[in-house]
Amino acid sequence: MTSTFALVDCNNFYVSCERLFRPDLKNVPIVVLSNNDGCIVARSQEVKALGIKMGTPLFKVKNEIVKHGVEVFSSNYTLYGDISARVMQTLEQFSPHVEVYSIDEAFLDLSGINRPVAHGQNIRSTVMQHIGVPVCVGIAPTKTLAKLANFAAKKFTATQGVVDLTDSQRQKNLMNITPVSEIWGVGRKLTKKLQALGIETALHLAQADRRFVRQRFSVVLERTVCELNGESCLDLEKSPQPRQQIVCSRSFGDKLTQYGDLKQTVCEFAARAAEKLRSERQLALVVNVFIRTSPFDKAGPHYANAATGTLPVPSSDTRQIVDMCVRLLNTIWQEDYRYAKAGVILTDFCFPEDVQFELFEQPVGAATHEGALMRAVDAINHKGRGKVWFGGQRPRKDWYMKQANLSPAYTTQWDNIPLVK
DNA sequence: TCTGGGGTCCTAGGACCC
DNA sequence: TCTGGGGTCCTAGGACCC
């Protein structure tokens with residue numbers, strides 16, 4: 001029996017989250033900004049209609065924002081994460097297998113469902129009723145086609161938010177009017193290269209010779225071609241895969257020029273990365289620290305560098321990781337630059353039970369003294385980060401980050417829960 | 001003045017081994 | 001004069017995603 005996939009995608013997710021607690025903003029144009037209030041990362045329908053593009057730096061469209069009375073929000077990931085979890089939980093009643101693909105999307109296994117469109121409508125109205133977030137549903141025999149169906153469900157209002165692409169003639173009709181750039185897995189670079197070969201629409205790509213595509217591009221794009229032809233190559237991921245990499249990095253609201261300031265941010269990133277690592281119950285072997293000036297900074301010379309180090313044994317101990325990061329930073333730090341961004345990357349993970357320790361080495365894991373200390377630190381910091389920290393870390397949270405228009409944590413902080421009069 | 005952050009996968013080329 | 005071939009592992013970089 002052939003599979004059926006549904007892609008459920010929240011509409012303008014961050015904007016929808018902000019509107020949940022501000023019904024007065026229902027038809028008001030809204031944007032949500034990236035960290036540091038730098039770029040626009042979510043737009044309401046009204047803002048999209050104004051032609052403001054995703055990822056635009058705020059300062060470039062400041063005049064339009066003011067002119068059209070656009071409401072501006074700093075990003076509130078605590079709120080979005082919590083609403084996302086509620087949406088995903090609601091979706092579980094509609095399928096035995098739900099793959100959470102991103103904060104605002106999930107693939108559902110709808111194999112064997114008799115009336116998929118009715119099922120999709122049911123999903124929409126239930127999520128709206130329970131959570132208050134609008135979603136669209138795309139249904140098709142492959143993930144790539146389900147993505148395409150979802151695109152159509154969003155774009156064409158006559159579909160009422162649900163598109164079923166089970167029928168191959170419908171697939172062709174839609175692909176014929178869809179630019180190749182809209183296909184999942186085709187980004188800016190590939191779009192250009194494909195267009196140069198005369199492949200302009202999704203249908204052109206679907207009809208391309210797959211051996212040619214593999215040879216000229218990659219196995220990834222070859223898979224896309226297969227999926228556009230209804231051959232499922234990408235399965236539902238039934239259980240989330242363990243992470244392979246943890247990154248903690250930020251651009252700074254104000255450029256940093258002092259070693260001490262940069263060191264403190266790097267220590268903070270190291271500590272957060274270690275915390276994430278422990279929540280994954282993994283250990284890391286390799287640590288990378290990078291620092292750089294802004295490529296847009298005309299005031300001074302540019303500098304970017306990174307250093308990689310290997311821990312003596314895989315660890316998730318904040319102190320070991322912080323120590324290593326400071327040593328790495330010292331090898332790349334240079335005076336007289338205006339630093340705009342820094343970060344810590346952990347890689348080469350393993351599980352504590354799989355570690356082969358050197359002779360005479362003391363393992364740093366859950367069973368040891370050090371593990372107990374880390375567990376205690378995590379437990380104390382669990383509700384509201386920053387009660388306990390190690391030397392070198394900045395005690396104040398995000399002191400370097402701009403968040404001028406942050407909404408309250410309506411659903412996760414007692415103080416911020418809305419009152420009903 | 002002001003330009004995000006956190007991920008994944010694949011590939012080519014060099015190092016190294018026998 | 002003559003200087004292999006095949007395999008693996010690692011890394012950096014490039015592409016993509018949301």
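Here the structure is a predicted model, which is why all the values come from computation and not from measurement. Protein chains get the first letters and strands the later ones, always in sequence-line order, with residue 1 at the start of each.
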Trainee: Under the 3.5 angstrom rule, does the side chain of Ser111(A) hit a backbone N or O of Ser3(A) as a donor-acceptor pair?
Mentor: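 No, Ser111(A) side chain to Ser3(A) backbone: no donor-acceptor pair under 3.5 Å.
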Trainee: As a test of your reading of the structure, name each stem of DNA chain C as range with range, where a stem is three or more consecutive Watson-Crick or G-U pairs at under 3.5 Å.
Mentor: B:5-18 with C:5-18
Trainee: Is the distance from OP1 or OP2 of dG5(B) to the nearest side-chain N or O of Ser251(A) less than 4.0 Å?
Mentor: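 Answer is yes, contact under 4.0 Å.
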Trainee: Does Arg243(A) have a side-chain nitrogen or oxygen under 4.0 Å from the phosphate oxygens OP1 or OP2 of dG6(B)?
Mentor: no
Trainee: What side chain to side chain donor-acceptor pair (under 3.5 Å) pairs are there with at least one residue in residues 290-300 of chain A, not counting sequence neighbours?
Mentor: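 Checked against side chain to side chain donor-acceptor pair (under 3.5 Å) - neighbours excluded - the pairs reaching residues 290-300 of chain A are Thr293(A)-His302(A), Asp297(A)-Arg338(A).
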Trainee: Provide, to the nearest angstrom, the distance between the CG atom belonging to Leu277(A) and the P atom belonging to dG7(B).
Mentor: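 Atom-to-atom, Leu277(A) to dG7(B), this comes out as 11 Å.
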Trainee: Expressed in whole Å, how much space separates the C1' atoms belonging to dC16(B) and dG4(C)?
Mentor: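 15 Å, rounded to whole Å.
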Trainee: Phe349(A) has an atom CZ; how far is it from atom P of dT8(B), in whole Å?
Mentor: 8 Å
Trainee: Glu182(A) has an atom CD; how far is it from atom P of dC17(C), in whole Å?
Mentor: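 So the CD-P distance, Glu182(A) to dC17(C), works out to 10 Å.
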Trainee: When the side chains of residues 237-248 of chain A are checked against the rest of the protein, which donor-acceptor pairs come out under 3.5 Å, sequence neighbours left out?
Mentor:
| residue | atom | partner | partner atom | Å |
| --- | --- | --- | --- | --- |
| Gln241(A) | NE2 | Ser239(A) | O | 3.3 |
| Arg243(A) | NE | Glu280(A) | OE2 | 3.3 |

Trainee: Which nucleotide, dG6(B), dT3(B), dC17(C), lies nearest any side-chain atom of Tyr101(A)?
Mentor: dC17(C)
Trainee: Taking atom P of dG6(B) as reference, at what distance in whole Å does atom CD of Gln244(A) sit?
Mentor: 17 Å
Trainee: Contacts to DNA chain C from residues 53-62 of chain A, heavy-atom cutoff under 4.0 Å, which residues?
Mentor: none
Trainee: Run the ring pair (Phe, Tyr, Trp, His ring centres under 6.0 Å) test against Phe94(A) and tell me which residues pass, sequence neighbours left out.
Mentor: His119(A)
Trainee: Does the Asn76(A) side chain pair with the main chain of Ser407(A), one donor and one acceptor, at a distance under 3.5 Å?
Mentor: yes
Trainee: Looking at every strand, decide which applies to Ile103(A) at a 4.0 Å heavy-atom threshold: base, sugar-phosphate, or nothing.
Mentor: nothing
Trainee: Name the atoms and distances for all side-chain donor-acceptor pairs under 3.5 Å in residues 47-73 of chain A, with sequence neighbours left out.
Mentor:
| residue | atom | partner | partner atom | Å |
| --- | --- | --- | --- | --- |
| Lys48(A) | NZ | Asn12(A) | OD1 | 2.6 |
| Thr56(A) | OG1 | Lys53(A) | O | 2.5 |
| His68(A) | ND1 | Glu64(A) | O | 3.1 |

Trainee: Ring centroids only, cut at 6.0 angstrom: are Tyr14(A) and Tyr77(A) within range, meaning strictly under it?
Mentor: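 Tyr14(A) vs Tyr77(A): aromatic centres under 6.0 Å.
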Trainee: If you take any heavy atom closer than 4.0 Å to DNA chain B, which residues from residues 184-210 of chain A end up in contact?
Mentor: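 Heavy-atom contacts with DNA chain B come from no residue of residues 184-210 of chain A; none.
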Trainee: Report the distance from atom NZ of Lys341(A) to atom P of dT3(B), rounded to the nearest whole Å.
Mentor: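 Lys341(A) atom NZ is separated from dT3(B) atom P by 11 Å.
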Trainee: Does anything in residues 224-242 of chain A reach DNA chain B, meaning a heavy atom under 4.0 Å, and if so which residues?
Mentor: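 Hits under 4.0 Å, by residue number: none.
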Trainee: In whole angstroms, how far is the P atom of dC18(C) from the CG atom of Asn150(A)?
Mentor: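 Checked: the CG to P distance equals 10 Å.
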Trainee: When you measure from the side chain of Asp164(A) to the backbone N and O of Thr166(A), does any donor-acceptor pair fall under 3.5 Å?
Mentor: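 Yes.
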Trainee: What's Leu221(A) touching, base or sugar-phosphate or nothing? Going by heavy atoms closer than 4.0 Å.
Mentor: nothing
Trainee: Can you pull the side chain to side chain donor-acceptor pair (under 3.5 Å) pairs that have at least one residue in residues 80-97 of chain A, sequence neighbours excluded?
Mentor: Glu18(A)-Tyr80(A), Asp82(A)-Arg86(A), Asp82(A)-Thr411(A)
Trainee: Take Leu108(A) and Phe5(A), measure what side-chain contact (heavy atoms from CB on, under 4.5 Å) needs, and give me the verdict at the end.
Mentor: CA-CA 6 Å; Leu108(A) 275 59; Phe5(A) 298 92; over 6 Å; no
Trainee: Report the residue (Arg223(A) or Lys255(A)) whose heavy-atom-nearest nucleotide on DNA chain B is the more 5′ of the two.
Mentor: Lys255(A)
Trainee: Identify whether any heavy atom of Asp37(A) sits under 4.0 Å from a base atom; if not, whether one sits that close to sugar-phosphate; answer base, sugar-phosphate or nothing.
Mentor: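 If one applies the 4.0 Å heavy-atom cut-off, Asp37(A) turns out to touch nothing in the nucleic acid.
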Trainee: If we ignore hydrogens and angles and just use 3.5 Å, is the side chain of Asn229(A) paired with the main-chain N or O of Ala206(A) as donor and acceptor?
Mentor: yes
Trainee: Please state how far atom OH in Tyr339(A) lies from atom P in dT3(B), giving the value in whole angstrom units.
Mentor: 18 Å
Trainee: Determine yes or no for a side-chain-to-main-chain donor-acceptor pair under 3.5 angstrom, with Ser74(A) supplying the side chain and Asp37(A) the backbone.
Mentor: no
Trainee: Is there a donor-acceptor pair closer than 3.5 Å between any side-chain N or O of Thr201(A) and the backbone N or O of Val180(A)?
Mentor: no
Trainee: If you look only at pairs with a residue in residues 135-155 of chain A, which of them pass as a side chain to side chain donor-acceptor pair (under 3.5 Å), with sequence neighbours excluded?
Mentor: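 Every pair satisfying side chain to side chain donor-acceptor pair (under 3.5 Å) with a residue in residues 135-155 of chain A: Asp9(A)-Lys154(A), Glu99(A)-Lys143(A), Glu105(A)-Lys147(A), Thr144(A)-Glu227(A), Asn150(A)-Lys154(A).
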Trainee: Counting only N and O atoms by type, is there a donor-acceptor contact under 3.5 Å from the side chain of Ser315(A) to the main-chain atoms of Leu311(A)?
Mentor: no
Trainee: Taking side-chain contact (heavy atoms from CB on, under 4.5 Å) as the test, write out the residues that go with Asn173(A), two or more places apart.
Mentor: Gln169(A)
Trainee: For the ring pair Tyr101(A) and Trp184(A), is the centre-to-centre distance below 6.0 Å?
Mentor: yes
Trainee: Tell me: CZ of Phe13(A) to C1' of dC17(C), nearest whole Å?
Mentor: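 Rounding to the nearest Å, CZ of Phe13(A) and C1' of dC17(C) are 17 Å apart.
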Trainee: Polar atom pairs between nucleotides 11-15 of chain B and protein, under 3.5 Å, N or O only, would you list them?
Mentor:
none

